[in-house]
Amino acid sequence: MRPQKSGWLAPGLAARWARNPRRSCISKVLSGPGGEREVIQNSKEVLSLLQEKNSAFKPVLAIIQAGDDNLMQEINQNLAEEAGLNITHICLPPDSGEDEIIDEILKINEDTRVHGLALQISENSFSNKVLNALKPEKDVDGLTDVNLGKLVRGDAHECFVSPVARAVIEILEKSGVNLDGKKILVIGAHGSLEAALQCLFQRKGSMTMSSQWTTPQLQSKLHEADIVVLGLPKPEEIPLSWIQPGTTVLNCSYDFLSGKLGCGSPAVHFGGLVADDDVSLLAAALRIQNVVNSGRRWLREQQYTRWRLHCLKLQPLSPVPSDIEISRAQTPKAVDVLAKEIGLLPDEIEIYGKSKAKVRLSLLERFKDQADGKYVLVAGITPTPLGEGKSTVTIGLVQALTAHLNINSFACLRQPSQGPTFGVKGGAAGGGYAQVIPMEEFNLHLTGDIHAITAANNLLAAAIDTRIFHENTQTDKALYNRLVPSVNGVREFSKIQLARLKKLGINKTDPSALTEEEMRRFSRLDIDPSTITWQRVLDTNDRFLRKITIGQANTEKGCSRQAQFDIAVASEIMAVLALTHSLTDMKERLGRMVVASDRKGQPVTAEDLGVTGALTVLMKDAIKPNLMQTLEGTPVFVHAGPFANIAHGNSSVLADKIALKLVGEEGFVVTEAGFGADIGMEKFFNIKCRASGLVPNVVVLVATVRALKMHGGGPSVTAGVPLKKEYTEENIPLVADGCCNLQKQIQIAQLFGVPVVVALNVFKTDTRAEIDLVCELAKQAGAFDAVPCYHWSVGGKGSVELARAVREAASVRSRFRFLYDVQLPIVEKIRTIAQAVYGATDIELSPEAQSKIDRYTQQGFGNLPICMAKTHLSLSHQPDKKGVPRDFILPISDIRASIGAGFIYPLVGTMSTMPGLPTRPCFYDIDLDTETEQVKGLF
């Protein structure tokens, strides 16, 4: 039996009607309107318009086919080519099971190049599980429950409608059939086609009935029908006389989805496109139209859209509960919901649990033409044990901007180290009613970025000592043969080894072609152990790892040396993560990291050790910023966490860049610099802004009355001991004296040409007179504005005035400038920071520091910016000197280089890169309820 051509009437059926004596009045055989040409031409024109602005855009229709029937493949291919689409077929064996089909569907769902997905499989394979595996936005045949539901609900413009059902309606209407009030009988259709036909006919005012060929009342239904739509071929036993004269009969029994033609009567054979009046041909054209519309929607989604953010309500309590109680009392939005609200696409996030996700860097390409929002830095006065609350201000500010002033805003914070979390400082999620939630997830592990840094750092450390060991214990030839082994009779250099050969000036690719001298140069890094600067790291405060001896086992054959552990966030890899702008850039930075010098004084890098690729693999997920939310449901990026006293102390460039695109031109990105403005802010401007190319609009300088009292000469504070009365009672003279530190920090910000807004973080013990005094002195010192803030006790509502002040300050044109020219000698750059920022009279270099400066200059690293490693507790190098110390000389004890990160860092005085635990660490109070699995005691 030949395939049946689907159309108005099956030719066999028409032939029998022609032989019937009643043929003159039995039925109307309508001529086909040829609508598929119009549909294809329209699709072609729409696509051309889309490609005018997006020249590389070309929609793709993917068809999963299980079987050997190539009829629909040819039809789809011809129509797609005519419209200007690409088409791809995934051919599966005819007996493919449900799971095999679903596996292919899921792959195509995630392929952003594909805009439409159709199934050409057997009728038995169309299970609910298969159909609903399709992404609704790619379901161009309108099969999924989502698309059918929208159609039934009346949202046809938001969904895809069955092309077959649409073809039936269009052919009837274009042939002059008035559907209003007509009785429609649909025979043999089922599933999505039946539902779509019923819905579309009802919208036209028709009364629709459905039936099967085996239904006992079929004859009476046929007699009542004005229009009959055949979803399956008519069986031979059903007499033609059951169809009333004048009845319009439309045959769509071609199984458009399975690609099979079924009929119990002879049919016309065709080898190319079917006739113009063919339902299946028009349906195929409408499917192509759906693909173009899907592509258009996809392009629209790529553009910036206004946020539809649903903010969470706060119900502040008094007295204010603990941070973890407040965090746990709020139910965060599902992170995929938050992502959608701020314009992220489903394939741009990788979800971790319910409340956090990583954001893919592909977003930057999508928004490359989108203007950036306003860029705000939160810094602080010189820290005291009493705390200033920069993170709390940062969160309070974005909650105020977005939840209360309806302005798009994003907070960008550093990921906290577990050292302080279990040590003395506690977490860093903000506090009170201005914090990131869930705060225990924020403070513990997050998505594992710091663990990835630890693994990468320690892999490199292991590579250094292992290379020294093998070079010390092997001949040149043995070493070379092990570095370039023969595998299955083939000996070749790896990609990174070829890069080393190029660096050495050896232009050979055949391992057997190297001379003995070239083999020696290639194999031996000749690292001088006394010059190793790369240390192992651990994200735990452990003072007993500050100085260790490694290699003491007999198996290390005497290759022992003194070494140390640093805290993980002090690793150069953390700084690389924070300053990189792409995966390619990160790989290059990792390769450039200098770990030691050889015995000739030349730098040895991670690239020389052959470990760059492996480091990049370990860091490939860590490079993606982590999305979380505030207590009021506004978005937060948590990414990278370098300390500000021993590193540059800022969150990642990538988080800031992505956030600046997401907020839109009128939105705000608020990021925080560690410790005081003299440290974190200075490094933000001179290091981070150089790396990112971003220009800040406003600095928010955080202060508290009680911290200013300490800078004014107030008594010392001991953790766990009640505060003395100087801090809990009004003391105007002490506040006035302490404002010298605030004024100095304002002046430091002004060195960079950025307007300053002072945020006074108010405590319940502060008096109105003290608050007014601080605000007045701040304005006299040159602050654009000074505003008291109450976000800790009431949330974003308490920082609305700060938000308004920041918005006004951001409207003033920034005159941003760097403090120094990186081309200056290293000594001069250090001196500039010491004198202009810290207020030092001069600097004093130790012999070791001078030697390092000479070495780094000779190695070509003299033009890098400076990252001072200095105590955060004073403007000077002496932690107990509060206020504004004067007439001091800044001692530089050592100089180190983070070449991959891109800065030189001098050590001021004695600086430890591994904190220790106090007598009573925070971990005494941290516990887990083993029944509810809730964390207790974090703050």
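These numbers come from the heavy atoms of this one structure, side chains and all, not from hydrogens, waters or symmetry mates. For the single chain, residues carry numbers from 1 onward in sequence order.
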Would you call [X] and [Y] a salt bridge, taking side-chain N to carboxylate O under 4.0 Å as the test?
X	Y	answer
E607	R500	no
D925	R920	yes
R467	D608	no
D336	K354	no

Excluding sequence neighbours, so at least two apart, what forms side chain to side chain donor-acceptor pair (under 3.5 Å) with [X]?
X	answer
S322	E325
E672	S391
E682	N686
K870	none

Side-chain atoms of residues 927-937: list all donor-acceptor pairs with protein atoms under 3.5 Å, sequence neighbours left out, distances to 0.1 Å.
unit_1	atom_1	unit_2	atom_2	d
D929	OD1	E931	N	2.9
D929	OD1	T932	N	3.2
T932	OG1	Q934	N	3.3

Set of side-chain contact (heavy atoms from CB on, under 4.5 Å) partners for [X], sequence neighbours left out:
X	value
A568	I450, T454, V537, D539
K557	F469, T473
V337	A334, E341

Write out all pairs satisfying ring-ring contact (aromatic ring centres under 6.0 Å, His included) with one or both partners inside residues 907-926, taking only residues at least two apart or from two chains.
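ring-ring contact (aromatic ring centres under 6.0 Å, His included) check on residues 907-926 returns no pairs.
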Which residues pass the ring-ring contact (aromatic ring centres under 6.0 Å, His included) test with F493, not counting sequence neighbours?
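F493 satisfies ring-ring contact (aromatic ring centres under 6.0 Å, His included) with F522 only.
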We want to know whether N626 and T447 form a side-chain donor-acceptor pair, criterion being a heavy-atom distance below 3.5 angstrom.
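Checked: N626/T447 side chains pair up, N/O donor to acceptor below 3.5 Å.
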Residues 559-567, side-chain donor-acceptor partners within the protein, below 3.5 Å, at least two apart:
unit_1	atom_1	unit_2	atom_2	d
R561	NE	D465	OD1	2.8
R561	NH2	D465	OD1	3.2
R561	NH2	D465	OD2	3.2
Q564	NE2	D566	OD1	2.8
Q564	NE2	T913	OG1	3.4
D566	OD1	T913	OG1	2.5

Sub-6.0 Å ring centroid separation between F861 and F903
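Between F861 and F903, the centre distance exceeds or equals 6.0 Å.
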Give me each pair satisfying salt bridge (Lys or Arg N to Asp or Glu O under 4.0 Å) with a member in residues 641-662, each pair once, sequence neighbours excluded.
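As it turns out, the salt bridge (Lys or Arg N to Asp or Glu O under 4.0 Å) pairs with a partner in residues 641-662, which skip direct neighbours, are D372-K661, D656-K688.
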